[in-house]
Protein chains: 2
Amino acid sequence: MALLRTREAVVQRFRTVLSRHGLTEQQWRILRALDGHEGLEISLLAEQCRILLPSMTGILRRMEQRGLVRRYANQADGRSIRVRLTETAQALVEEIKPEVVGVYAEIERILGQRKLEQLYALLEELEAGLLEGGRRSGAV
Amino acid sequence: MALLRTREAVVQRFRTVLSRHGLTEQQWRILRALDGHEGLEISLLAEQCRILLPSMTGILRRMEQRGLVRRYANQADGRSIRVRLTETAQALVEEIKPEVVGVYAEIERILGQRKLEQLYALLEELEAGLLEGGRRSGAV
DNA sequence: CTGTGATACTTAATATATTAAGTAAAACCG
DNA sequence: CGGTTTTACTTAATATATTAAGTATCACAG
């Protein structure tokens, strides 16, 4: 529950910034992941953004309709599809970036750099432990 | 993103337990919050479970259909509605509790008690700071 | 080349989340 | 008491999450 509450509070901060630009948190994750790449496969993108493929399908469809991303076939593999940002999206990312950086700065101001790093370390240790243990008691 | 990933890993653990009993994570939060109470108002329940009222409406409707909760009017206030567990639900909670405790134990085993407390403290400090700052830059 | 299994997605069905409106009952105020 | 604001929910509309199936390719063994 502590994780839930804290994540909720953090997300809320980002959401107030992003919603001003008509974006959801997930859409921003995708924009940020695509930024600086010539094109990513949907499955890689999904993995980086922690969004499952069925959700990606819908999100990318909406983003494509708004002219934020474009999909194109992968020469080498007829199954996979690549996605990249449009110029509109590039500009949008540049516009939003500083605001998002501000939110990160606020978080660091609240905890201080030392505690923030401590928090990261603990979160990652816990995550790693759970993934590790998952292999034992989970699906082989 | 670290918060997101870790929360995802934790929730995944609980979900494997809960889905065996046909419950979602949110439904479990509600069962746990109602357990030991004679009846809670929906808004209080929503607050404790960190679930917004519009979501509560649907979740409670489904839980009522499965015979897990019952709603009844509040004498003192015609607007509010109280909810309480059925006997079926009581039994289910007792059945699931030990499994859930097992997950908590696993988490503590991964981090150790000291680090776990540290993590809680950091999460709460960050949450408090965000809520505090939110009042400044947010509504009002 | 062919059957088989694995990949990369999409579709479908159900459950939540989130924001904005709508509704009914209280609380408040002049 | 009548009008206004607030409170406690529900409804609606849209966006995701999650699990299970379905589809088209690929990779590979025989």
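In what follows, every chain begins at residue 1, and chains take the letters A, B, ... in the order their sequences are listed.
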Contacts to DNA chain C from residues 52-73 of chain A, heavy-atom cutoff under 4.0 Å, which residues? A:L53, A:P54, A:T57, A:R71
Would you check if there is a donor-acceptor pair between the side chains of B:Q113 and B:E117 at a distance under 3.5 Å? yes
Is the shortest distance from a Lys or Arg side-chain nitrogen in [X] or [Y] to a carboxylate oxygen in the other one below 4.0 Å?
{"X": "B:E38", "Y": "B:R82", "value": "no"}
{"X": "A:E8", "Y": "B:R50", "value": "yes"}
{"X": "A:E25", "Y": "A:R7", "value": "yes"}

Without decimals, in angstroms, what is the distance between [X] [atom1] and [N] [atom2]?
{"X": "A:L45", "N": "C:dC9", "atom1": "CG", "atom2": "C1'", "result": "13 Å"}
{"X": "A:E41", "N": "C:dT10", "atom1": "CD", "atom2": "P", "result": "13 Å"}
{"X": "A:R7", "N": "D:dT16", "atom1": "CZ", "atom2": "P", "result": "13 Å"}
{"X": "A:I51", "N": "D:dA17", "atom1": "CD1", "atom2": "P", "result": "6 Å"}
{"X": "B:L4", "N": "D:dT16", "atom1": "CG", "atom2": "P", "result": "14 Å"}
{"X": "A:L18", "N": "C:dT19", "atom1": "CG", "atom2": "C1'", "result": "16 Å"}
{"X": "A:L23", "N": "D:dT16", "atom1": "CG", "atom2": "C1'", "result": "15 Å"}
{"X": "A:Q27", "N": "C:dT18", "atom1": "CD", "atom2": "P", "result": "15 Å"}

Toward the 5' end of DNA chain C, by each residue's nearest nucleotide, B:Q75 or A:L44: A:L44
Between B:E25 and B:G78, which residue's closest nucleotide on DNA chain C lies nearer the 5′ terminus? B:E25
Heavy-atom donor-acceptor pair, B:R13 side chain to A:L130 backbone, under 3.5 Å: yes
Distance test, side-chain N/O of [X] to OP1/OP2 of [N], below 4.0 Å:
{"X": "B:Q26", "N": "C:dA17", "value": "yes"}
{"X": "B:Q12", "N": "D:dT18", "value": "no"}
{"X": "A:S80", "N": "D:dT25", "value": "no"}

Quick check: is A:L119 connected to B:M1 through a chain of hydrophobic side chains (ILVMFWY, heavy atoms under 4.5 Å apart)? no
Which nucleotide in the list D:dC26, D:dT16, C:dC9 gets nearest to the side chain of A:D77? D:dC26
Proximity to the side chain of A:R79 - top-ranked nucleotide from D:dC9, C:dA6, C:dC9: C:dA6
Side chains of A:L45 and A:E41: does their closest heavy-atom pair fall under 4.5 Å? no
